[in-house]
Every structure is written in structure tokens, then in C-alpha cells.
Amino acid sequence: MELLNIKNLDISRKKVFIRCDFNVPMDEFANISDDRRIRSAISTINYCLDQNCAVILASHLGRPKGEVNEKYSLIPVARRIQHLLKREVIMAADVVGEDAMSKVKALKTCEVLLLENLRFEPGETENDKVLSEKLASMADFYINDAFGVSHRAHASVEGITHYFDDNHKAAGFLLQKEIQFFGKLIQEPVRPFAAIVGGSKVSGKLEALINLLPRVDKVLIGGGMAFTFLKQMGYDVGNSLVEDDLLQDAQHVMDEAKKLGVKFYLPVDVVAAEKFSEDSVSKVTSAQEIPNGWMGLDIGPATVRLYREVLADVQTVLWNGPMGVYEMDKFSRGSNKIAHFVADSYATTVVGGGDTADLVQRIGVDDEISFISTGGGASLELLEGKVLPGVAPLIIQEG
Ligand code: AMP
């Protein structure tokens, strides 16, 4: 799959609209706590500036649900871009309102304008035509560099593409990189290939799991999703997170793995607690004997040892989803130990998913990971074999 390339567009001195993904985490003081997504967009922005373009940047932040909410303003993002680009970033007070439109009109070559949070407009998530058209009217060219949101058919991601022909739209460098990387990972991984899949629920990752099975050699399950499998195996899982309506699906995944000769690993022990809380009493129990009323909130030490053993010979590791409730120190050890092991490995290591990226960054091993994807949901959908709605209009049609 080849995407329309920004380098083939004649953008010199033109107005370019770049859909970015600046949906960055903020701490309680509204400081950006991880600016990876902003830094990842800089090459495309700089490329356009080097071509003397007038650059219009657009992104969403959080879920303001179609209403203006200061908490989700992109002003802190504008400051960070300004710092990274070392040049002024003009901030629009709205998305397609009077202020944005007049600033777009006045924008000169080599200037950068950032629109306010796209999701202040209800039409953004509804893929509204009027909004798409207004956004499209701002520029001569459209660039999608927002991998993290390309699995959403939103106005600035999908709708807008209909207003540009193939000579006036393309994928930015980040989007190209992510799509190429996952394409290679799916089609020709260096084996053995292991997928570590964790996080809260089976439901969010079921399709991805099914789709991964024919491609990987081993699957290692952790996090809350493990308990649906463990329950289906007849284990006592106490009050652990279980999706009862997915027990049969869990069985199907295990049957498929067996049929395909994929080694399927589940935790053999867990850190169990009486309450979902940092100050709860906790203890290590075997995965078969979680006491009544207790819930498994992390993988236990025997599982960590087992998983290290299992990962020792692999050449490619894909990791999506933490092994436990890593946000609470007490239940973060399993994830931390696996993160250190993955980071130290000589294999190609790929981390996808906001939580897992956050995790490796928190413990400072992010530089040791071969590839950290900026998109959790988007990378999962790619692994499910889907063509993302924001990417489809940018695929070069053969023949
Ligand atoms: P996801 O968004 O599905 O990748 O899930 C990430 C979330 O799963 C994190 O916020 C974790 O706290 C949570 N999580 C991981 N393990 C467990 C568990 N054993 N029980 C409940 N939640 C968990």
C-alpha cells in the first residue's frame, strides 16, 4: 500500500492545512506531561516551512463534546510548538469562526497558525460536510499527519479529503512512517514474533487478537483482560474484571491459537487486592485460586519470570496494553518489569497504545524501544487488517 507523498506535491509558497494529532496528556496543572505527539509532527511542519508555505495546523485535544471548553484549549500546545519550531505560532480563537477565517486569510508564507480544538465544533466527530468544506476552504493543500486519529471518520480526517484531488493532498511523514512500519510488521515480521496484549478488557482487543493469531508465534496475555480467559478455563477469579458475555469469544481465541500452533500464555499468578485502590491490602496468589472478593490487579512474580523466559528467544515483540493497573505503584511492578525486559531485548520492539507508551516513558525506557506508535486505537485497527478511514483517501490507486 503506497500513500500519496507530500514530497510529490508542488506546495511551494502555498497554504497548507496539516491535520496533526496534538492530543497530548496534561497533568493537573495543565502542563503537557508527554509531548511525543507534538515532537513527532515537527518534521512535516518544518518541511512545509522550508517550502515557504503558510502553514495551518489543526488538532483535537480530549473530548470537549462539541462545546467550547477552556480546559481543552490548544493554547498550551501552541506554546510547545512555538518552543520546538523556534518561531511564532499564531493562535486562532476558534476553529472556523470569524477569528480563524480572518487569520487564515491574512496568513503569509512561512507563518504558522494553529486553529482551536477541532472538537469544539460538533461537526468534527459527526464528519459534517459543512465543517469539512469550511476547513478545506482554508488551504490549497491538505496533509494528514495525525496517525492517532486516522481510524476515525471525522471532518478534518476523512470529510475534508473529498475537497482535494490527488495532486493536492498527501500523508505527512509521521503518517507514512506509522503505516509503513505496521505494514511491514504484519507482512514480514522477523520471527519468532511475540505479541504482548494487556489492558483492561478483551472487548477492545478481541478483533486485533484474532487478527494477530495467524501472524505471530506467541501471545502473552496480561492486564484485566486475562481474567475472562482464566474464568473460561474454570479458574476462580474472585472479583477480577471479567466480561461474562465474552467467555465464548475467549474460548474461540484459545481454540484458534491451538489450531494455528500459536503458543498462548496466560498469567500463572497475580497480585490480588481486596479493593481497587492503592491503599488496599494485597497479596500474590496463583491464578487458579484468587480468593472470593479479591481481584487481580497485576501479574505476579512467577508470571514475570515465565514471560521473560518466553520472550528470551523472540526477534520481534509487539506490546499493546499494560500488565496491570500501572497507574497505582502497588500494581505497576509487573508492567515495569516486562517494560525493562522488552527495552533491554535485542529484538525489534514495538509499543502501541497510549497507556503502554505512557508506561515506558514513565519508567524512562522509551529510548530503548525500537518504535513507539503515536496511535493506540489506530495501530490496533491496522493490526485487525482494516484500512483506516483517514488513510483510505490517501492510497495511490494502482493502474
Ligand atoms: P486499555 O485502555 O484497554 O489498554 O486498558 C488500559 C487500562 O487497563 C489501564 O488504565 C489499567 O489500569 C487497566 N488495567 C490493567 N490491568 C487491570 C486489571 N487487572 N484490572 C483492572 N484494570 C486493569
Side-chain angles (χ1 to χ4, degrees), residues 23 25 33-34 62-63 148-149 151 195-209 212 219-232 235-244 246 249-250 253 265-278 280 282-288 290-291 293-304 307 318-339 342 350-363 372-384:
N23 186 26
S33 52
D34 176 10
R63 295 194 169 154
V149 79
H151 58 312
I196 310 173
V197 186
S200 56
K201 291 180 175 170
V202 183
S203 46
K205 290 173 189 158
L206 189 64
E207 263 185 84
L209 259 178
L212 272 173
V219 174
L220 294 77
I221 301 283
M225 70 185 303
F227 299 100
T228 303
F229 291 97
L230 293 170
K231 181 166 180 186
Q232 176 59 19
Y235 293 0
D236 291 332
V237 296
N239 270 359
S240 305
L241 190 68
V242 168
E243 287 169 285
D244 281 309
L246 291 183
D249 292 281
V253 170
Y265 293 91
L266 287 166
V268 290
D269 65 342
V270 301
V271 179
E274 275 190 307
K275 286 187 297 178
F276 189 85
S277 150
E278 181 88 77
S280 168
S282 65
K283 62 180 176 188
V284 174
T285 76
S286 92
Q288 306 216 19
I290 302 171
W294 289 61
M295 59 188 95
L297 294 180
D298 193 10
I299 55 172
T303 308
V304 170
Y307 283 10
L318 168 73
W319 185 9
N320 189 308
M323 297 290 97
V325 184
Y326 75 101
E327 297 93 334
M328 300 185 201
D329 278 348
K330 204 169 197 163
F331 310 111
S332 65
R333 278 182 81 108
S335 300
N336 291 357
K337 283 183 181 287
I338 296 294
V342 168
V350 186
V351 162
D355 279 309
T356 326
D358 181 34
L359 168 75
V360 293
Q361 141 116 10
R362 269 184 201 216
I363 57 171
I372 300 183
S373 172
T374 53
S379 62
L380 276 183
E381 292 204 10
L382 278 184
L383 297 170
E384 283 166 23

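Indexing begins at 1, ligand by ligand and atom by atom, following the structure's order.
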Quick one: look at Asp355 and ligand 1, take heavy-atom pairs under 4.0 Å, and tell me if it's side chain, backbone, both or neither.
side chain

Atoms of ligand 1 under 4.0 Å from any heavy atom of Phe227, numbered from 1 in the order shown, are 19 (N)

When you measure from atom 1 (P) of ligand 1 to each heavy atom in Ser200, Gly198, Gly324, which option holds the nearest one?
Ser200

Run Met323 and Asp298 through side chain to side chain contact (heavy atoms under 4.5 Å, CB included) and show every step you take.
CA-CA 6 Å; Met323 297 290 97; Asp298 193 10; 4.2 Å; yes

Shortest protein heavy-atom distance from atom 20 (N) of ligand 1, along with the residue and atom involved:
Leu297 CD2, 3.7 Å

Determine whether the side chain, the backbone, both or neither of Lys205 has a heavy atom under 4.0 Å from any heavy atom of ligand 1.
side chain

Between Glu327, Met323, Lys201, Met328, flag the one that comes closest to atom 9 (C) of ligand 1 by a heavy atom.
Glu327

Of the protein's non-hydrogen atoms, which lies at the shortest distance from atom 23 (C) of ligand 1, and what is that distance?
Val325 CG2, 3.5 Å

Name all pairs fulfilling the salt bridge (charged side-chain N to carboxylate O under 4.0 Å, His left out) condition that reach into residues 352-362, sequence neighbours left out, sorted by first residue then second.
Asp358-Arg362

Might you work through the side chain to side chain contact (heavy atoms under 4.5 Å, CB included) test for Leu383 and Leu318, ending with a clear yes or no?
CA-CA 11 Å; Leu383 297 170; Leu318 168 73; 3.5 Å; yes

Let's go through Leu297 and Ser282 carefully: what are the C-alpha distance in whole Å and the side-chain angles of both, what is the deciding distance for side chain to side chain contact (heavy atoms under 4.5 Å, CB included) to 0.1 Å, and is it a yes or a no?
CA-CA 9 Å; Leu297 294 180; Ser282 65; over 6 Å; no

Identify the closest protein heavy atom to atom 19 (N) of ligand 1: which residue and atom is it, and at what distance?
Gly296 O, 3.0 Å

Could you tell me whether the side chain of Val342 reaches within less than 4.5 Å of the side chain of Val360, counting heavy atoms only?
no

When rounded to the nearest 0.5 angstrom, what distance separates OG1 in Thr356 from OH in Tyr326?
7.5 Å

Set of residues satisfying side chain to side chain donor-acceptor pair (under 3.5 Å) with respect to Glu243, sequence neighbours excluded
Ser203

Where the closest heavy atom to atom 17 (C) of ligand 1 is concerned, which of Gly224, Ser335, Pro322 has it?
Gly224

